[in-house]
Protein chains: 2
Amino acid sequence: MYSSELIKGTLRTIVLKLLADGNKMYGYEITQRVKELTGNKIQLTEGALYPTLHAMEAEGVLSTHTENVGNRIRKYYGITRSGKKLAGEKLSEYRDFINTMVTLLDLQLKIG
Amino acid sequence: MYSSELIKGTLRTIVLKLLADGNKMYGYEITQRVKELTGNKIQLTEGALYPTLHAMEAEGVLSTHTENVGNRIRKYYGITRSGKKLAGEKLSEYRDFINTMVTLLDLQLKIG
DNA sequence: TTATATACCTAATATTCTTATGTATTATTT
DNA sequence: AAATAATACATAAGAATATTAGGTATATAA
């Protein structure tokens, strides 16, 4: 786990990336997927994620529909056309930012 | 310039890196140096930097002394022993975080 | 002489997170 | 069978960290 302030500002980008290829996900699933993809290093908190998902829906970058699984409700989020556009912009911007920070801080990254 | 939320959480790390090798700097100089090192991409705002420098001094990771240049005062910040330790930790943590984000977002970075 | 650059600072506000709390269903362990 | 953990949603108080705007003052360039 990282000291949490590093996550700040990256949450929307993470969500957009996960949904960018068109597959829908529900909130809890996003937390688990991120946890899995990062080897438990990033654990999104629900208190951060849910309000962000609501905001992104209100902004028109995500759309939702609910599905019933037994007696439980899942609220699935999918990306909209404008969300797809935003995903490209955000990812490009973040990549550029990372490059800048790597230079500024003289970081040695893993090669992959 | 990046949408500013990306900078969040990195300011202390940037300051620690710049001062980690022992050379002292004053606030305004830090803003100019970061601007120069990032090709104008990161412009620290004084409203963020000065309170952060004060906090870091209060926390004992930075120490200060003032110098007069003509009739102007410069407040120089230097790193303390505990600051040097923190710098190592923060930079290591940030490098690890970047590696994780690169994997998670599948980013293609410049090779350097 | 007017604007820009240098150099410090604070305060109000905004954003984004953590932590805590709440509800409810389903699966697992004791 | 009962207790706990996992699943799944949500909100609210508070903390942290930034922006924006404002203030003071000296030095330099147009």
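Within every chain, numbering begins at 1; the chains are lettered A, B, ... in the order of the sequence lines, protein sequences first and strands thereafter.
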Asks: Quick one: A/Lys75 NZ to C/dA24 C1', roughly how many Å, whole number?
Replies: 16 Å
Asks: Looking at C/dT16, C/dC8, D/dT11, which one has an atom nearest to any side-chain atom of B/Tyr50?
Replies: C/dC8
Asks: Tell me the interatomic distance from B/Leu44, atom CG, to D/dT19, atom P, rounded to whole angstroms.
Replies: 8 Å
Asks: Would you call A/Glu67 and A/Lys24 a salt bridge, taking side-chain N to carboxylate O under 4.0 Å as the test?
Replies: yes
Asks: Can you check the B/Glu67 CD to C/dT6 C1' distance for me, whole Å?
Replies: 16 Å
Asks: Under 4.5 Å between any side-chain heavy atoms of A/Ile42 and A/Lys35, yes or no?
Replies: no
Asks: Roughly how many Å is it from CZ in B/Arg33 to C1' in C/dA7, rounded to a whole number?
Replies: 19 Å
Asks: Is the shortest heavy-atom distance from the side chain of A/Val15 to the side chain of A/Val61 under 4.5 Å?
Replies: no
Asks: Provide the full list of ring pair (Phe, Tyr, Trp, His ring centres under 6.0 Å) pairs with a residue in residues 24-60 of chain B, sequence neighbours left out, each pair given once.
Replies: B/Tyr26-B/Tyr76
Asks: Can you tell me how far apart CG (A/Leu62) and CE (A/Met25) are? Round to the nearest 0.5 Å.
Replies: 12.0 Å
Asks: Measure CZ/B/Arg72 against P/C/dA7 and give the value in whole Å, please.
Replies: 5 Å
Asks: Rounded to whole Å, how long is the line connecting atom CG of A/Asn68 with atom C1' of D/dA8?
Replies: 12 Å
Asks: Provide, to the nearest angstrom, the distance between the CG atom belonging to B/Leu53 and the C1' atom belonging to C/dT10.
Replies: 14 Å
Asks: Do NZ/NE/NH1/NH2 and the carboxylate oxygens of B/Glu89 and B/Lys84 come within less than 4.0 Å?
Replies: no
Asks: What's the closest nucleotide to the A/Glu46 side chain, out of D/dA10, C/dC8, C/dT26?
Replies: D/dA10
Asks: Any idea which of C/dT10, D/dA10, D/dA27 is nearest the B/His54 side chain?
Replies: C/dT10
Asks: Hey, which sits more toward the 5' end of DNA chain C by its nearest nucleotide, A/Val69 or A/Leu11?
Replies: A/Leu11
Asks: List in numerical order all residues of residues 20-29 of chain A for which some heavy atom is under 4.0 Å away from an atom belonging to DNA chain D.
Replies: A/Tyr26, A/Gly27, A/Tyr28
Asks: Using a heavy-atom cut-off of under 4.0 Å over every strand shown, decide if A/Arg74 touches base, sugar-phosphate, or nothing.
Replies: sugar-phosphate
Asks: A/Ile42 has an atom CD1; how far is it from atom P of C/dT16, in whole Å?
Replies: 18 Å
Asks: Decide, yes or no, whether a salt bridge links A/Glu29 with A/Lys75 under the criterion of side-chain N to carboxylate O below 4.0 Å.
Replies: no
